[in-house]
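Inspection log for the structure reproduced underneath, given as structure tokens.
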Amino acid sequence: MTEYDLVVTGVRVVTDEQDEARAADIAVRDGKIVEVAPGLDTAGAREVVDGGGKLAFPGVVDAHQHWGIYNPLDEDASVESRACAQGGVTSALTYMRTGQYYLNKGGSYADFFPEVLERTANRAHVDYAYHLAPMSKGHIAEIPDLVREHGVTSFKVFMFYGGHGLHGRSADQSSFLMTPEGERYDYAHFEFVMRGVQEARERFPDIADQISLSLHCETAEIMTAYTQLVEEAGELTGLAAYSASRPPHSEGLAVSIASYLAHETGLPTINLLHLSSRKAVDAAVRMGRAFPHIDFRREVTVGHLLADLTTAHGPGGKVNPPLRPREDVEALWEYVLDGTVDWVVSDHACCREEAKFGEPKDDVFLAKSGFGGAEYLLPGMVTEGTRRGLSLGRIAALTAWNPARRYGLPTKGRLAAGFDADIALVDPDHTWTVRAADSESAQEYTPFEGFELTARVTDTFLRGTRVLTDGKVGGEPTGRYLHRPTGR
């Protein structure tokens, strides 16, 4: 008799390895999957969960979140990780930097990052890791230590921060970024960040493919000029005005600049984040052809795939890059379906009402940027993806396998023997209406309010422990910090 800690029976297992699901049971021991096969013997199992014919997806590796940006970091780790479990997310990779927001501190990462780890320890209901943004010359010098000591293998550049604010125009970005006197956050800095990341890849050749740089691609000068044009014309309001103030060609230009800098510095591992428009992805595709030696990865968010600037529920849909017109949403789906897009994320950034909206509340330029959405990631992809002919296996690749491989998580992303028992059970025939009140997130609104989804995550398992049962989060937080690459 084989003894298992858990057997999930009667499910249709989805993996990136094939398009369609296959009927099987999943056996777990010591937090790992040990067998995936039909008709497993459950007699010696400590726990048996009847999957009832649901789809079993690999736990989502949500490669883009922002814990602690608008709320205390320890609070977000606790509360927003519960929203993650609702969306089938079992690994949350969250961006972190020095400067205003987050911990509201400057200084070195040697001082800063241990505090980040301390504030999130023993609080999260899902596993988590951090991407870090080198904001100064000193941070670039710290990259090897961050890789070796803390298992941080992914870094970020915010291309517009040097001359444009997080929420709109800004007259003083240096104080916002808390950069040392005399330093500039500009294209030269981005080049030197790339050189620093490439030096780390050369120093750690065994994990070089998992050391990468991600870029938020928008161009400050274009956005500042177009913001003035939109405000002076006074013809647009709300999300339409915000999209026009940060036009798609601003993304395309930034993608092109970033790509040439990658070519110049010899850094091949480049991630182009939250591409929101046809022009942005088109630029990414063109750069891929121009520089075939660069291993570009292209990311879109579930928000940009589900909502457009007319269907989103109010100015709560303000985000960077903006939600776009319907034709851009359709273009993004074209790129998802043809394989151009590598992964889909939530860009989850809980921003509560008192922080989100200015006065008057309908002035989009006074609202803060970003919103939550991890709880809708897998349900949204299954709903809209299958409706458009996207295979289940491709959804598993987009939400789990691909980001896990890039970001140094070799035990995540697939339902197979030897992998972590991170499992999301999905009822693909459950129609429901999105209501912010039903979310575990602290955010009191959602731009997806009233959207109808036809798939729901009912149960989520983290390393074999059920953290979501029949749609309800329970138990003590068991999420762990993922020192990457895990298993090193």
Nearest atoms (heavy-atom pairs only) where [X] meets [Y]:
| X | Y | result |
| --- | --- | --- |
| P144 | F204 | O-CZ, 3.7 Å |
| D19 | S391 | OD1-OG, 3.3 Å |
| P410 | F419 | O-CE2, 3.4 Å |
| F371 | G317 | CE2-O, 3.5 Å |
| P379 | G87 | CD-O, 4.0 Å |
| L267 | R201 | CD1-CD, 3.6 Å |

Just to verify, which of R246, R324, H304, E218 counts as forming a side chain to side chain donor-acceptor pair (under 3.5 Å) with S276?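 Exactly one candidate clears the test, R324.
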
If the test is side chain to side chain donor-acceptor pair (under 3.5 Å), which one of Q65, E80, H64 qualifies with H348?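 Among the candidates, only E80 passes.
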
What do the steps show when you test R46 against D5 for salt bridge (charged side-chain N to carboxylate O under 4.0 Å, His left out), and what is the final call? CA-CA 5 Å; R46 291 191 178 93; D5 296 328; 2.2 Å; yes

Ring geometry between [Y] and [X] (parallel below 30°, tilted from 30 to 60°, perpendicular above 60°):
| X | Y | result |
| --- | --- | --- |
| Y102 | H66 | tilted |
| H216 | F158 | tilted |
| H139 | Y109 | tilted |
| F113 | Y130 | perpendicular |

Given salt bridge (charged side-chain N to carboxylate O under 4.0 Å, His left out), test R406 with D342 step by step and report yes or no. CA-CA 10 Å; R406 175 61 125 194; D342 292 288; over 6 Å; no

Taking salt bridge (charged side-chain N to carboxylate O under 4.0 Å, His left out) as the criterion, tell me which of E334, E327, E330 meets it with R278.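 Of the listed options, the one satisfying the test is E334.
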
Heavy-atom side-chain contact between [X] and [Y] under 4.5 Å:
| X | Y | value |
| --- | --- | --- |
| R297 | W343 | yes |
| V300 | Y335 | no |
| V14 | L415 | no |
| I270 | L272 | yes |
| I294 | S259 | no |
| Q198 | P268 | yes |
| T15 | R22 | yes |
| T386 | I395 | yes |

Electrostatic pair [X]-[Y], nearest N-O below 4.0 angstrom:
| X | Y | answer |
| --- | --- | --- |
| D127 | K412 | yes |
| K54 | D459 | yes |
| D30 | R463 | no |

Just by distance, do the side chain of [X] and the backbone of [Y] share a donor-acceptor pair under 3.5 Å?
| X | Y | value |
| --- | --- | --- |
| S212 | T269 | no |
| W401 | A396 | no |
| K32 | G464 | no |
| D420 | D422 | no |
| Q443 | G372 | yes |
| D25 | L40 | yes |

Run the salt bridge (charged side-chain N to carboxylate O under 4.0 Å, His left out) test on E384 and R387 for me, step by step, so that the C-alpha distance in whole Å, both residues' side-chain angles and the decisive distance to 0.1 Å come before the verdict. CA-CA 5 Å; E384 192 65 14; R387 186 179 75 80; 2.5 Å; yes

Is there a donor-acceptor contact under 3.5 Å linking the side chains of S369 and N320?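 Yes.
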
Do H125 and S81 meet the criterion of a side-chain donor-acceptor pair at a distance under 3.5 Å?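 Absent: no donor and acceptor within the cut-off.
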
About how many Å separate OG1 of T153 and CG of L213, when rounded to the nearest 0.5 Å?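 Between atom CG of L213 and atom OG1 of T153 there are 12.0 Å.
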
Between Y481 and H150, is the ring centre distance below 6.0 Å?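 Ring centroids of Y481 and H150 are no less than 6.0 Å from each other.
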
Answer yes or no: does atom NE2 of H430 have more than 12 heavy-atom neighbours from other residues, nucleotides or ligands under 6.0 Å?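 Yes, because the 6.0 Å sphere around NE2 of H430 holds more than 12 heavy atoms from other groups.
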
Assess whether atom CG of D438 is packed by more than 12 heavy atoms of other residues, nucleotides or ligands within 6.0 Å.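 Yes - once you tally the heavy atoms of other residues, nucleotides and ligands closer than 6.0 Å, there are more than 12.
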
